[in-house]
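Here is the naming used below: chain letters follow the sequence lines, and residue numbers restart at 1 for every chain. On a predicted model such as this, the values are computed, not experimentally measured, just so you know.
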There are 2 protein chains.
Amino acid sequence: MSAEKVTRMSADDRRELILAAATRAFAQGGYHGTSTDAVAKEAGVSQPYVVRMFGTKLDLFLEVFEHAVHRIKAAFEEVLDAGPFDPESEDDKARMGLAYTELLRDQDFLQVMMHGFSSGGVPEIGAAARRCMGEVFATIQRTGWSDEQARDFVAYGMLLNVMLSLRAPENLKPGDPLTVLAVCAFGEDLEVLQSLA
Amino acid sequence: MSAEKVTRMSADDRRELILAAATRAFAQGGYHGTSTDAVAKEAGVSQPYVVRMFGTKLDLFLEVFEHAVHRIKAAFEEVLDAGPFDPESEDDKARMGLAYTELLRDQDFLQVMMHGFSSGGVPEIGAAARRCMGEVFATIQRTGWSDEQARDFVAYGMLLNVMLSLRAPENLKPGDPLTVLAVCAFGEDLEVLQSLA
DNA sequence: TTGACATGTTATCAGTCGATTACTTACTGT
DNA sequence: ACAGTAAGTAATCGACTGATAACATGTCAA
């Protein structure tokens, strides 16, 4: 019999804890592929507690999704708010790229975003995803880039997201065409990603 | 009592029919979000029949996924096999782009591919997805483009896939930043997509 | 015609999932 | 000290899911 002191947490703190756990869980399996019980296990609480705290699984996912996108948007805003941004400068463009690749270390946010995007079949998720994608694009437009430049920047981000979803960095085989793509897409960040796995 | 003549189909034909139905069904909900019963309903057969014909739901999805990717690869190969391809030619580049945008009419294939990519959490799907992505990239490399050009081409495709998953074309609101992105990503194909919906 | 095989279906099952209810226990102000 | 509230859990439910088994019927060669 372990006589551990069972101490409690404020609901707000517990909420943050579950939100973080849910982010990890949903990052793995997406909306449909993750049970509320899996989230509960990850958070170390009971399944009914998760449901009651967030209402429904859908509400929980939406909150996780929006939080993830907000985090990503914030990374760009940080660059844009740091000082004047020259749309012609290759250097400034690199700073925006860096903001994104730094997010690769928090893979979970990017994966959750990706899962939200591909769960557009659920009406509420689709609506949230469209709104969030719009917000991210609007943020990127603040660079002053042309629509085409902004579009290509987003496209490049989507490629990285897909490569992460594929678990490409941890599964590269020499000589594989996918390896060429991964090297060329992730660049020097590839080694960092592999060391994380 | 309707006295319809119940006629039968060869297993091969029925298989094709179910495969097509499964493509439509999985395109909507992805692997986790689509039940074998939904596939059966779409195909107009009983649920056990679907399962027995393909073994498991996973086997069925893998077959649908590989078929979709093969179809997409075939679209590129058609351009490449049509005659000499000049990697410097803007015209030839446009032909490759056109091959992809023509696939937008068969949205289901692209959506299934996307769902496969984002279900990398299921080991067998992840493995298939990496192999297929590698094959597609290898096909694109046949253009003679630099790795970076090929990468950017794939990235652009991923953006279009994501925009489709978001149901963006059918949900555009004037003044929305997402509309700008959609117009700039789909170009003149946008109207075609909207008329399909 | 008939029997054997191929093409299906109905019935059913065990497991999983999201959600609800009722209960327990730690904390907090007075 | 103690009553009330907040933080959690155990038990359970109905719906759904993938899969299996048993059964029915159309098709075709001899």
Side-chain angles (χ1 to χ4, degrees), chain A residues 1-23 25-26 28-65 115 119 121-125, chain B residues 1-23 25-26 28-65 115 119 121-125:
Chain A
M1 299 293 276
S2 63
E4 333 166 1
K5 178 77 182 300
V6 175
T7 191
R8 290 188 172 178
M9 203 173 278
S10 83
D12 283 352
D13 288 352
R14 189 62 84 186
R15 194 185 169 84
E16 291 305 309
L17 198 140
I18 295 179
L19 219 51
T23 301
F26 281 128
Q28 285 295 322
Y31 175 64
H32 291 292
T34 306
S35 66
T36 55
D37 191 57
V39 172
K41 289 266 188 3
E42 178 78 28
V45 297
S46 66
Q47 179 263 344
Y49 193 48
V50 172
V51 172
R52 207 185 37 184
M53 176 159 278
F54 291 90
T56 66
K57 177 182 168 181
L58 180 57
D59 289 337
L60 171 57
F61 182 80
L62 289 175
E63 191 156 335
V64 167
F65 175 71
H115 279 300
S119 299
V122 180
E124 293 90 340
I125 300 181
Chain B
M1 297 292 277
S2 62
E4 334 166 359
K5 179 75 182 295
V6 175
T7 190
R8 289 190 171 176
M9 204 174 275
S10 84
D12 283 351
D13 288 351
R14 188 64 82 186
R15 195 185 170 84
E16 291 306 308
L17 198 142
I18 295 178
L19 219 51
T23 300
F26 280 128
Q28 284 295 322
Y31 175 65
H32 292 293
T34 306
S35 65
T36 54
D37 192 56
V39 172
K41 289 267 187 8
E42 178 77 29
V45 297
S46 66
Q47 178 263 343
Y49 193 49
V50 171
V51 172
R52 207 184 39 186
M53 175 160 279
F54 291 90
T56 67
K57 178 182 168 179
L58 181 57
D59 289 337
L60 171 58
F61 182 80
L62 289 174
E63 193 156 332
V64 167
F65 175 70
H115 279 300
S119 299
V122 180
E124 292 90 340
I125 299 181

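- A donor and an acceptor atom never sit less than 3.5 Å apart when one is taken from the side chain of Arg14(B) and the other from the base of dT7(C).
- Whole-Å rounding puts the Leu58(A) CG to dC17(C) P distance at 17 Å.
- Following rounding to the nearest Å, Lys57(A) (NZ) and dC17(C) (C1') show an atom-to-atom distance of 8 Å.
- Of all heavy-atom pairs spanning Ala38(B) and Thr34(B), the tightest one is CB-CG2, 4.2 Å.
- For Tyr49(A), whose side chain is taken as the heavy atoms from C-beta onward, the closest listed nucleotide among dA7(D), dT7(C), dA21(D) is dA7(D).
- When all heavy atoms are compared, the tightest approach of Ala22(B) to Leu60(B) is CB-CD1, 4.1 Å.
- Along DNA chain C, the nucleotide closest to Ser35(A) and the one closest to Met9(B) are compared, and the more 5′ of them pairs with Met9(B).
- The backbone N or O of Val122(A) lies less than 3.5 Å from no partner atom in the side chain of Ser119(A), so there is not a single donor-acceptor pair.
- At dC27(C), one or more side-chain N or O atoms of Thr7(A) fall inside 4.0 Å of OP1 or OP2 (strictly under the cut-off).
- If you take CZ of Phe54(B) and P of dG18(D), they are 15 Å apart, rounded to a whole angstrom.
- Out of dG18(D), dA19(C), dT25(C), the shortest distance to the side chain of Arg8(A) is found at dT25(C).
- Side-chain nitrogen and oxygen atoms of Thr36(A) include at least one within less than 4.0 Å of the OP1 or OP2 phosphate oxygen of dG18(C).
- Nearest to the side-chain atoms of Gln47(B) among the listed nucleotides dT10(C), dA19(C), dG18(D) stands dG18(D).
- The base of dT20(C) is not paired with the side chain of Arg52(A) by any donor and acceptor separated by under 3.5 Å.
- Between His32(A) and Lys57(A), the closest heavy-atom pair is O-NZ, 3.9 Å.
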